[in-house]
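Okay, structure first, notes after.
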Amino acid sequence: MESDHNQPLLSNEDEDGKWRSQDFWSKLWRETQQLWVIVGPTIFARVATFTMNVITQVFAGHLGDVQLASISIANTVIVGFNFGLLLGMASALETLCGQAYGAKKYHMLGIYLQRSWIVLFLCCFLLLPFYVYTTPVLKLLGHEDDVAEESGVVAIWLIPLHFSFAFQFPLQTFLQCQHKTMVIAWVSLVGLIVNVVSSWVLIYEWELGVIGAAIALDVSWWVLGFGLYFYTVGGWCPLTWTGFSIQAFHGLWEFLKLSTAAGLMLCLENWYFRILVLMTGNLENATTAVDALSVCMSINGWEMMIPIAFFAGIGVRVANELGAGNGKGAKFATIVSVAQSILIGVVICVVIMTFHDKIALIFTSSSSVVEAVDSLSNLLAITILLNSIQPVLSGVAVGSGWQSWVAYINIGCYYIIGLPLGFIMEWVFHSGVSGIWAGMLYGGTALQTIILIIITIRTDWEKEAEKAQMHVDNWSSPRKDEKLLLT
């Protein structure tokens, strides 16, 4: 019999493998912690803020079908159009602030925040016609007169909400890039409480109907904005907020171009599904179709707050790692984020399929709307699954500064392929709202997701890290701090 020392329990190769395994799990745990420091509070904050919109629709839905359709169109389509653009424009800060923070150029974060405020408020004024001309545009698109007129009234009352986006979104991104996300979560909780109380008082106690719902949203979102502002200027960001500066007015044109590219990247996708709601206005029994699709879009939007949180989290993580010159760290962060987002998406898909015939009861008691939502539940589940991948990859693009490229991809996938396919499914094959949605889903969202996966896999992360360091070095000049990024 051979002695034990001639048969080692672990060879050198096995020992190396064991250490590599331990290193991998240790690295995975550290990355997960860093990611969820941002994603966890951001999910809560996003769900809370979106829940304010859902609460508004719930209250309006129990006032009547026309009221539900009007608040859904005004909030989901009109506000949604502008929400996507402004949120996208503010996401330019994830590239600039994220890479600057990773490179320890802390003072530049406050400068970028002020530039973003200037650019977004100017954009808000340019977008006002969306609210002012809601009624004639909806009538032109074939919506019923009572729904179009009620939607127009609600849209006017939502203008203060519109301007709150320009104030709040840059603040959120500014704080996320410093990993100061818990304050965003707490302020969002306060805003949600204010929304529930004000909605009840204005709609039921004061009987202001859908106008009361709009006012409740206005107040709640401005509570969020002022809460984050007072935290920022109140001394809790001493390294990154050094006061208002004339330097914020330098390089505005270059900043505008980057913000516009970022805005187009996100809003082209966001607008895509708003157009889906508008296209249902010409269907038979249009009010029920709009209500059913709006309910599905609300559920999708509610769940979308999770991928959007990953969008923010991975954007910051990639930007931080690239700014610090760590390409491998950016790649690993991408893999971890995508895998965890997909896992959550699969769980939610199972929930949707399990309660497919009951989910609409949250929003309405109309049996026709509940049945219509039930028939769309399969498409809703597939959309949610795709949304667990695509926004995360878009966040990687933001962290890397690829906004312009992704904007072109979105135009091609959504508007050259997906949207025409949706029209064909309805006006050629007469397949109704499910056909429109399926055509736009498979022709646009699925194709875009595949392209982003290919781009991400083929990325040379070390080269991206070198580019990021060049950008950071250029930030020392107040007039040239974004020019290399745009090239």
Side-chain angles (χ1 to χ4, degrees), residues 25-51 87-88 90-95 97-99 101-102 109 168-189 191-192 224 228 231 262 265-266 269 300-324 326 329-349 351 384-400 449 452 456:
W25 290 109
S26 175
K27 186 178 179 183
L28 175 62
W29 176 242
R30 287 197 303 271
E31 178 57 42
T32 299
Q33 286 179 307
Q34 290 178 304
L35 180 66
W36 279 88
V37 163
I38 305 169
V39 171
T42 303
I43 287 177
F44 178 84
R46 293 293 186 186
V47 170
T49 52
F50 191 82
T51 299
L87 180 62
S91 74
L93 290 180
E94 289 185 21
T95 306
C97 290
Q99 293 185 7
Y101 190 80
L109 274 72
Q168 182 195 342
F169 290 161
L171 283 165
Q172 283 187 349
T173 308
F174 169 80
L175 294 170
Q176 284 169 356
C177 289
Q178 305 169 63
H179 302 183
K180 295 179 180 293
T181 50
M182 283 305 300
V183 63
I184 302 175
W186 281 111
V187 170
S188 298
L189 177 60
L192 178 60
L224 297 178
L228 298 180
Y231 178 87
M265 186 198 83
L266 191 60
E269 176 190 351
N300 178 59
W302 208 347
E303 185 277 337
M304 189 71 172
M305 297 303 103
I306 298 175
I308 285 180
F310 274 95
F311 170 92
I314 190 58
V316 171
R317 288 293 302 123
V318 167
N320 288 168
E321 295 293 344
L322 293 179
N326 186 8
K331 179 180 179 179
F332 189 72
T334 299
I335 295 170
V336 172
S337 183
V338 171
Q340 294 184 6
S341 180
I342 290 174
L343 180 61
I344 294 172
V346 169
V347 172
I348 295 175
C349 276
V351 173
I384 286 173
L385 185 60
L386 288 174
N387 283 344
S388 67
I389 306 172
Q390 182 273 329
V392 184
L393 297 179
S394 293
V396 174
V398 167
S400 305
T449 302
L452 288 178
T456 304

Can you measure from [atom1] ([X]) to [atom2] ([Y]) and round to the nearest 0.5 angstrom?
X      : Y      : atom1 : atom2 : result
Ile184 : Gln172 : CD1   : CD    : 5.5 Å
Ile43  : Ile38  : CD1   : CD1   : 12.0 Å
Phe174 : Leu93  : CZ    : CG    : 9.5 Å
Gln168 : Leu87  : CD    : CG    : 9.5 Å
Ile384 : Cys349 : CD1   : SG    : 5.5 Å
Gln390 : Leu385 : CD    : CG    : 12.5 Å

Looking only at heavy atoms, what is the nearest atom pair of [X] and [Y], with distance?
X      : Y      : answer
Pro307 : Ser388 : CG-CA, 4.3 Å
Pro170 : Ala90  : N-CB, 4.0 Å
Val398 : Ser91  : CG1-O, 3.4 Å
Gly329 : Asn326 : N-OD1, 3.0 Å
Asn320 : Gly98  : ND2-O, 2.7 Å
Met182 : Pro41  : SD-CG, 3.5 Å

Distance alone, cut at 3.5 Å: any donor-acceptor contact between the side chains of Thr95 and Gln99?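 There is no such pair between these side chains.
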Taking the side chain from [X] and the backbone from [Y], do they hold a donor-acceptor pair closer than 3.5 Å?
X      : Y      : value
Ser337 : Ala333 : no
Thr181 : Gln176 : no
Thr49  : Arg46  : yes

Within the structure provided, determine whether [X] and [Y] are in side-chain contact (heavy-atom separation under 4.5 Å).
X      : Y      : answer
Phe332 : Leu28  : yes
Gln340 : Leu35  : yes
Ile348 : Ile306 : yes
Ser188 : Leu224 : yes

Residues Cys97, Thr173; criterion side chain to side chain contact (heavy atoms under 4.5 Å, CB included); working and verdict: CA-CA 8 Å; Cys97 290; Thr173 308; 5.8 Å; no
Any chance you could lay out the side chain to side chain contact (heavy atoms under 4.5 Å, CB included) test for Val37 and Gln34, step after step, and finish with the verdict? CA-CA 5 Å; Val37 163; Gln34 290 178 304; 5.9 Å; no
So Trp36 and Phe310, would you call those rings parallel, tilted or perpendicular, with 30° and 60° as cut-offs?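 Judged by the thresholds at 30° and 60°, the geometry between Trp36 and Phe310 is perpendicular.
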Enclosure of Lys180 NZ (heavy-atom neighbours >12, cutoff 6.0 Å):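 Counting neighbours around NZ of Lys180, more than 12 heavy atoms of other residues, nucleotides or ligands fall under 6.0 Å, so yes.
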List the residues meeting ring pair (Phe, Tyr, Trp, His ring centres under 6.0 Å) with Phe311, not counting sequence neighbours, and say none if there are none.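 Partners of Phe311 by the ring pair (Phe, Tyr, Trp, His ring centres under 6.0 Å) criterion come out as none, since no residue qualifies.
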Using the test ring pair (Phe, Tyr, Trp, His ring centres under 6.0 Å), find all partners of Phe169 that sit at least two apart in sequence or belong to another chain.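 Counting only residues at least two positions away or on another chain, Phe169 forms a ring pair (Phe, Tyr, Trp, His ring centres under 6.0 Å) with Phe83, Phe165.
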Sequence-distant partners of Glu321, salt bridge (Lys or Arg N to Asp or Glu O under 4.0 Å), two or more places apart: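 With neighbours one apart ignored, the set is Arg317.
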